[in-house]
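Keep in mind the model is a prediction, meaning the values are calculated, not measured. Position 1 is the first residue of the sequence, and the numbers go up from there.
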Amino acid sequence: MDITPQEESMIKAFREAALPPLYVLIRIRNEILNDTVNVEKSRRDDVVNTLEKFIAPLWVDFHGEKYLQVEE
């Protein structure tokens, strides 16, 4: 999958802000999902589906750690 210059700039900006990876992935997913002007529908669907594959395990881990902290 090729990354457009706009996508690359967005990823660099998130890295420089030192944001948590899960937040970055969710934010990128939402930005691409809502960008109906600059991203073709087929590409948007492909990117969103790929990002969701990465987000799902991180989301489960995040909530698992959260519950462990509450139990202690």
Can you tell me how far apart CD1 (Ile28) and OH (Tyr23) are? Round to the nearest 0.5 Å. 10.5 Å
So, using salt bridge (Lys or Arg N to Asp or Glu O under 4.0 Å) as the criterion, who are the partners of Lys12 when residues are at least two apart? Glu8
Closest approach of Leu33 to Arg44 (non-hydrogen atoms, all atoms of both residues): O-CD, 3.3 Å
What's the spacing between Thr50 OG1 and Leu25 CG if we round to 0.5 Å? 11.5 Å
So which pairs with a foot in residues 25-61 pass ring pair (Phe, Tyr, Trp, His ring centres under 6.0 Å), sequence neighbours left out? Trp59-His63
Holding to side chain to side chain contact (heavy atoms under 4.5 Å, CB included), I want the full list of residues that pass it with Lys53, two or more places apart in sequence or in another chain. none
Does Ile32 reach the side chain of Arg43, with side-chain heavy atoms less than 4.5 Å apart? no
With sequence neighbours excluded, tell me which residues meet side chain to side chain contact (heavy atoms under 4.5 Å, CB included) with Asp35. Gln6, Val37, Asn38, Val39
Restricting to salt bridge (Lys or Arg N to Asp or Glu O under 4.0 Å), what partner residues turn up for Arg27, sequence neighbours left out? Glu31
